[in-house]
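Written out below as structure tokens is the structure these notes cover.
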Amino acid sequence: MHPDLSLRENVTHGTPEHPLRAMHFTAGQGTPYPDHFFVERHWHNYVEIIFIVKGSYLFEINLEDSILKEGDLCILNSGEPHQITGREKSAIHHVLLFDPQILNFSYEDEWQADYMAPFLESSLLIQNILRPQEKAYPEILDCFRQLMEQGLIQKPGWYLSCKLLLLKLFEAAIRHQLLLPAKEVLSANSTRKIQRYKKIVSYMEAHFQEPLSLEELSGLIGYNSQYLCRFFREISGVSPIQYLIAYRLERSCTLLTKSTKPITEIALDCGFENISYFIRKFREHKGCTPGEYRKFFA
């Protein structure tokens with residue numbers, strides 16, 4: 001888990017005036033991802049469009065897996081949990097992130113009432129994966145490439161051009177019937193499962209400094225602690241308490257490198273009441289003591 005990110009990503013992409021960002025990611029030797037590209041499961045309010053330039057990736061979207069290969073496009077709707085894993089050491093992909101609110105209009109015309117308002121409320125979802133053989137692909141890809149060019153170069157007027165391109169992209173998606181009712185995309189069971197998972201994780205991350213019990217967490221979803229552990233492990237591969245400890249440790253890493261607080265105070269700030277337990281768990285997860293970590297990374 002990246003120390004600056006929770007599963008509910010709160011990072012701002014772009015600026016308040018220009019809430020749109022184009023990025024290029026390369027994995028392999030000499031990059032920040034020498035073994036393979038990997039981003040842990042998280043979600044955000046931004047819409048994210050990804051184009052696979054080279055290699056292949058395992059995408060987990062709404063807790064379901066898909067393989068994306070060179071030439072494939074992926075569109076992640078606002079709030080959809082996703083995780084991305086490169087399947088080879090060397091891989092390249094482009095990313096465009098934008099706040100969907102930039103397409104929100106106050107005038108209740110057909111666009112706003114029938115498409116954009118439902119999309120912003122997540123009752124309409126855009127199809128996640130678009131492959132080269134699909135009819136809509138050439139138009140969507142052309143818009144994406146122009147958006148990437150405008151977003152990376154940022155010549156005068158680039159942002160307004162990007163808004164127009166996004167409108168064009170959504171018009172193509174609507175015309176090709178890629179914007180679908182959420183109930184057709186996700187089963188009621190899947191929706192409930194995702195909502196429960198997000199509720200538990202969001203609560204743990206909001207209250208990580210406090211003592212938390214399995215009983216308290218299971219009460220959030222109306223089930224007993226045994227069900228909670230089985231449910232959470234099925235999705236995350238770890239128990240809720242193991243996730244909570246790992247999250248607390250990552251928050252402590254941020255404080256160790258970005259503050260001068262004593263280690264004992266950091267442990268308490270991150271929900272560890274016992275300093276010896278904190279140091280032991282830190283060494284298990286990071287392979288060093290908190291003090292050694294601070295010396296190396298601060």
Side-chain angles (χ1 to χ4, degrees), residues 1-12 39-46 60-65 76-83 121-122 182 186-259 261-286 289-290 293:
M1 181 182 297
H2 192 287
D4 292 332
L5 293 180
S6 68
L7 289 192
R8 171 66 165 85
E9 187 184 71
N10 292 314
V11 175
T12 299
V39 174
E40 286 200 69
R41 185 188 297 118
H42 66 288
W43 64 88
H44 42 66
N45 289 332
Y46 277 56
E60 181 203 85
I61 307 169
N62 289 319
L63 309 180
E64 295 186 1
D65 292 340
L76 298 164
N77 295 282
S78 175
E80 289 187 322
H82 55 280
Q83 178 171 289
E121 294 166 359
S122 297
L186 295 171
S187 67
N189 183 56
S190 295
T191 300
R192 285 193 298 268
K193 188 175 182 180
I194 293 165
Q195 289 173 343
R196 287 172 188 163
Y197 175 74
K198 290 170 71 173
K199 189 172 187 177
I200 295 164
V201 167
S202 296
Y203 188 85
M204 284 195 288
E205 294 185 354
H207 299 272
F208 75 96
Q209 295 173 303
E210 307 164 16
L212 291 176
S213 67
L214 286 174
E215 289 70 25
E216 183 177 354
L217 294 173
S218 59
L220 295 171
I221 57 173
Y223 288 87
N224 61 36
S225 57
Q226 186 177 8
Y227 173 87
L228 170 68
C229 290
R230 186 171 64 251
F231 167 79
F232 199 89
R233 188 180 291 277
E234 178 188 335
I235 295 172
S236 297
V238 296
S239 71
I241 298 304
Q242 287 173 315
Y243 173 83
L244 178 61
I245 291 169
Y247 182 75
R248 286 170 168 169
L249 289 170
E250 293 296 350
R251 294 301 295 257
S252 75
C253 288
T254 300
L255 291 175
L256 286 166
T257 57
K258 295 184 178 180
S259 79
K261 287 184 176 183
I263 290 173
T264 302
E265 187 177 344
I266 288 174
L268 293 171
D269 285 348
C270 293
F272 293 97
E273 297 179 356
N274 185 305
I275 186 65
S276 298
Y277 179 76
F278 168 63
I279 293 172
R280 176 160 59 85
K281 285 297 179 182
F282 196 98
R283 190 191 292 274
E284 286 178 11
H285 281 250
K286 299 297 179 182
T289 67
Y293 186 92

What residues form a side-chain contact (heavy atoms from CB on, under 4.5 Å) with [X], not counting sequence neighbours?
X: Glu60; answer: Arg41, Leu63, Asp65, Gln83
X: Gln226; answer: Asn224, Arg230
X: Ser259; answer: Leu255, Lys261, Ile266, Arg294

If you measure from [atom1] on [X] to [atom2] on [Y], what distance do you get to the nearest 0.5 Å?
X: Leu249; Y: His285; atom1: CG; atom2: NE2; value: 5.5 Å
X: Gln195; Y: Ile221; atom1: CD; atom2: CD1; value: 12.0 Å
X: Phe232; Y: Leu244; atom1: CZ; atom2: CG; value: 9.0 Å
X: Leu186; Y: Thr191; atom1: CG; atom2: OG1; value: 4.5 Å
X: Tyr293; Y: Ile263; atom1: OH; atom2: CD1; value: 12.5 Å

With a 4.5 Å limit on heavy-atom distance, are the side chains of [X] and [Y] in contact?
X: Val201; Y: Tyr247; answer: no
X: Pro290; Y: Ser252; answer: no
X: Ser190; Y: Asn62; answer: no
X: Asn189; Y: Arg192; answer: yes

On the 0 to 90° scale, with breaks at 30° and 60°, tag the His42-His44 ring pair as parallel, tilted or perpendicular.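 Rings of His42 and His44: tilted, 30 to 60°.
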For the student: nearest non-hydrogen atoms of [X] and [Y], plus distance:
X: Pro240; Y: Met204; answer: O-SD, 3.5 Å
X: Cys270; Y: Arg251; answer: SG-C, 3.9 Å
X: Leu228; Y: Leu214; answer: CD2-O, 3.7 Å
X: Ser239; Y: Arg233; answer: CB-NH2, 3.5 Å
X: Ala182; Y: Ser122; answer: CB-O, 3.5 Å

Polar side-chain atom of Glu64 near backbone of Ile61 as donor-acceptor pair, under 3.5 Å: no
Considering only residues two or more places apart or on different chains, which pairs with a residue in residues 193-202 satisfy salt bridge (charged side-chain N to carboxylate O under 4.0 Å, His left out)? Lys193-Glu234
Sort and list the pairs that fulfil side chain to side chain donor-acceptor pair (under 3.5 Å) and have at least one residue in residues 210-219, not counting sequence neighbours. Tyr203-Glu216, His207-Glu210
Donor + acceptor pair across side chains of Tyr243, Glu205 (<3.5 Å): yes
Stepwise side chain to side chain contact (heavy atoms under 4.5 Å, CB included) check, Phe231 with Ile200: CA-CA 11 Å; Phe231 167 79; Ile200 295 164; 4.0 Å; yes
Please report, to 0.1 Å, the donor-acceptor pairs under 3.5 Å made by any side chain of residues 274-282, with sequence neighbours excluded.
unit_1: Asn274; atom_1: OD1; unit_2: Ser276; atom_2: N; d: 2.9
unit_1: Asn274; atom_1: OD1; unit_2: Tyr277; atom_2: N; d: 3.0
unit_1: Lys281; atom_1: NZ; unit_2: Glu284; atom_2: OE1; d: 3.3

Step by step, work out the side chain to side chain contact (heavy atoms under 4.5 Å, CB included) result for Tyr197 and Ser236. CA-CA 9 Å; Tyr197 175 74; Ser236 297; 3.4 Å; yes
